[in-house]
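What follows is one structure encoded as structure tokens, with my remarks underneath.
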Amino acid sequence: MLGPTERIAFLLLVIVCGGLATHGFLRIARIVRLGKAAERTDGLAGRLINALIDVGLQRTIAKARPLVSLAHGFVFFGFSFYILVNVNDLIEAYVDGWTTIGAGTLAGVFNLLSDLFSVLILIGMLSLLVRRFVAKPKTLEFNSNVLLQAKAAGGGVRRDSLIVGVFILIHVGARWLGTAFHLAHNGHGDPWLPTASVVAQGFAGMSPDTLELAMHICWWLAMGLIMVFLPYFPRSKHLHLMIAPLNLALHKSTPHGELDDVIDASAPGAKTLTDLPWPSLLDSYSCIMCNRCQEVCPAHESGTPLSPAALEINKRYWLNANSSSLLAGGESPMLLDFATSSEAVWSCTTCYACVEICPVGNAPMFDLVEMRRSIVFEGNAPDDLAEVLRSLDEKGNSFGQSARRRAKWTRGLDFKIPDARKQPVEYLWFVGDFASYDPQCQEISRTVARILHAAGVDFGILYEGERSAGNDVRRTGEEGLFEALTEQNVETLAACEFERIFTTDPHTFNALKNEYGDGVTVPVEHYTTLLLRLVESEEIQLGDGSRGKATYHDPCFLGRYNGGFDAPRALIEACGTELVEMPRNREQSFCCGAGGGRIWMKDQDGITERPSDNRIREAMSLGAIDYFVVSCPKDLTMYRDAVKSTGNDGKIEVRDIVEFVADAMGLNDEPGDGAEAIPRAGDEAEAGAAPANG
Amino acid sequence: MNTVVLLKRVPDLVEDLEVDSSGTALDSEHLKLTLNEFDDHALEQALLLKEGGGGEVTAVALDSEDVDKMLFTALAKGADRALKITGTGAVNGTSELAEVFAQALGSVNYDLVLTGVQASDDIDGQLAPTVAAKLSVPCIEVITGVEAGDGSVTVHKEYAGGVLAEFEMTLPGVLGIQAAAQSPRYAPVSKVRQIQDSATLDEVAGAGGDNGKFSIVVMTPPETGEGAQMLESVEELIAVLDSKGVI
């Protein structure tokens, strides 16, 4: 279709713009390689295939914002098909007489798809632009105390969005109109091109020369524009369409709950950009600045200066402005000076919500942990945190209490829990700090013990031999202390005989399951899993009867981190309790605000609403609910406080799951009120071995 | 300015303190020692002085349970040298301890000696002035701020009732630190472990100690009363007073 001059002009454009773009992409590759080492390329083929499937099915995007995801889907699937359209248009430009119009059924199907996808892309893109520039959703704004690079704060993200949006509208619009002009030129419509045929009717009166000119202009607007846009591509958010699939493929493949080890023990963590592992640098280029991570971040929601989105955006903007000096051997300034503030770093609850929700596979939370590692190593841990870390170092618990009193809670029991250090047990119960020392949680721990004792389970505890498992210690960045606690626990465990470990605390569960390496080789489970199994095998007999209406809060380290969503729910329902879900449930559960060591630090100044208060408000919005059910000792204390501080005392009761189990087993029935005493299964060996109902 | 910090390990009060069978000492089986928190402030103040104006910081402690880890922690925080006083006999009371410290300081080049203003076994804060007396240098106690001068320090001393005084003290001298200008810094475990692998503790043979002038006759936990009785009403109160023959 193109004339000889046009053909040469386009080739020149390809060479110049393609060259500039290649330079831009190579620069990104060189920048990413400045990051510290990280193992992300094992099983590369599988990683790439999985990423392409995720992208192809739009899985990561469909996790949230359904309407936006639909609009994105229009653009995504449209553009995927447009690769063929672009190739066709190139052939059409350089092969005289080539056209798909009127060229048979196969060409007809191609035309139909290109016609429909063009319209869908235009609808999708227009919707996204209307959303951003007319509807202006709050989620695209940042808390006023969030550190944001001047260029980004000054409308850089909006400008970038506008440029990309207008590019797409012109590129696709021009291609669509060009086809309409083509049809008008032919003098008749084409049933394979329904929308273009309708538009073509509007051009019916134009002269063939005018239509010919219009077709050329449209071709250039569609294809020439791609070339003009290419050099801008590596600097724009549109880059995500290439980097995001790559980033998803190179995502951390170890368990969610296993942090990467410290890279350089003599200078752990990250002070500057290039101290970060290279995937963190890739994250900055992958970021589409959609703020989904910020929207689910409990720290941002509560008004702190932390925005995981701003962290990625700041890294990106700084890199775009300073890549030359960095590649010339210059150093990046301190991350705390331009990427995020120290207060923001300490606001993170390490709840993993930002990593879970990110559609392009970014992991801003890990950057924050790297920064914490460096801050702690430099001796700059916040005072309140430092006090707790000292206690953990000296006494092995976060409560500042005597290690010898760890098992004091067992004194309220009318039986003695076996000491796993002195006798072999089937189940080793790793109790955890909160379940051991917090007075409210101690009651729950005793209930767990009574249930298991009644069910005849062979279990024991480590008494004063247990130390904090170190999950949250590690997430404060105190890697050395985590290692010390791990060593002590592993040494104690090595001297004991047991077949499985179960824990009351999801944090402890996560550490033992994912971060103890060779130190723990037996299966580790959360008590909800164990109890459900005992119920299913009828070693625990639950009575009939309805036990109110409840909503359940997924603890981050049980749910989002380790996929423990179903056992707690099944257990609640097995106890005759009606379960009503909160809007944010399962993977999208909202953190109570205690994780990552936050429970040891005071609330930040200027906080607007504690995450736990926010969560209780969500539960109260469900209407008449009797219970707010938890399966984490920290949740028990956090939410009992939150019920009081939100003025809901007496309206909803925070209960641990085991309280329902104990009720349903009749363990809490007063003797003589009609309920039969539950005999200990172990007391009647036959009954324990063969459940009555098979 | 070279600063010496005297560190002392004291019984951790979160543990139950029990008197042993001799009736004159705490039962060491149930005893856990920890750094006196005021000494931690003294160390912090010394590190702040070093960071502000240079000089060396030397941490000195008497050999005891876990003292190595404590001294390595001081090094990890930024102290230049750690000195462990070994081989002393029983050290009874602050006076004897002051003698041991003073003797050990004979081998150290110092301008300023800092220690905690008090400790759980030195509530009356005798260590700093006694060490100063033995060294024949001046001493000021209850210090909440120290600024280095030329051959002297300017210090803030707290009095009861919120009154604050500023002193200038000619060096060498001893200060009993109430609080450093900032909370004692946290030494990350990995840094302490690295120091443990790379640094060594200096040792000096202890001299002084048991001077025979003091001995503990008896040590006993406070006697507890019979407990309180909570009364619900005036009538109950009258009944109790009546039964005691008060009315």
Rounded distance [0.5 Å steps], OG1 in A:Thr476 versus OH in B:Tyr186: 7.5 Å
Portion of A:Ala265 that has a non-hydrogen atom of chain B nearer than 4.5 angstrom: both
Contact leader toward chain B among A:Ala403, A:Ser402, A:Gly379, A:Ser266, where contacts are heavy-atom pairs under 4.5 Å: A:Ser402
Residue A:Glu491 excluded, over 12 heavy atoms near CD under 6.0 Å: no
Portion of B:Arg185 that has a non-hydrogen atom of chain A nearer than 4.5 angstrom: both
Chain A contact via B:Glu15 - side chain, backbone, both or neither, heavy atoms under 4.5 Å: both
Region of A:Gln401 that comes under 4.5 Å of a non-hydrogen atom in chain B: backbone
Side chain proximity check, A:Asp393 to B:Lys69, heavy atoms < 4.5 angstrom: yes
Contact winner vs chain A - B:Lys32, B:Gln182, B:Lys77, heavy-atom pairs under 4.5 Å: B:Lys32
Within 6.0 Å of CG in B:Asp124, more than 12 heavy atoms from elsewhere: yes
Close side-chain approach of B:Asp16 to A:Arg404, heavy-atom, < 4.5 Å: no
Within-4.5 Å side-chain heavy-atom neighbours: A:Arg390 and B:Pro184: yes
Neighbour count above 12 (heavy atom, 6.0 Å) for A:Glu39 CD: yes
Over all atoms of both residues, closest heavy-atom pair of B:Pro188 and A:Phe377: CG-O, 3.4 Å
Greatest number of heavy atom pairs closer than 4.5 Å to chain B - which of A:Ala484, A:Ala381, A:Pro268: A:Ala484
Chain B interface, residue from A:Glu483, A:Arg405, A:Glu479, A:Glu394 that has the most non-hydrogen pairs under 4.5 Å: A:Arg405
Spacing of CD belonging to A:Glu478 relative to NZ belonging to B:Lys191, to within rounding of 0.5 Å: 11.0 Å
More than 12 heavy atoms of other groups within 6.0 Å of A:Lys271 NZ: no
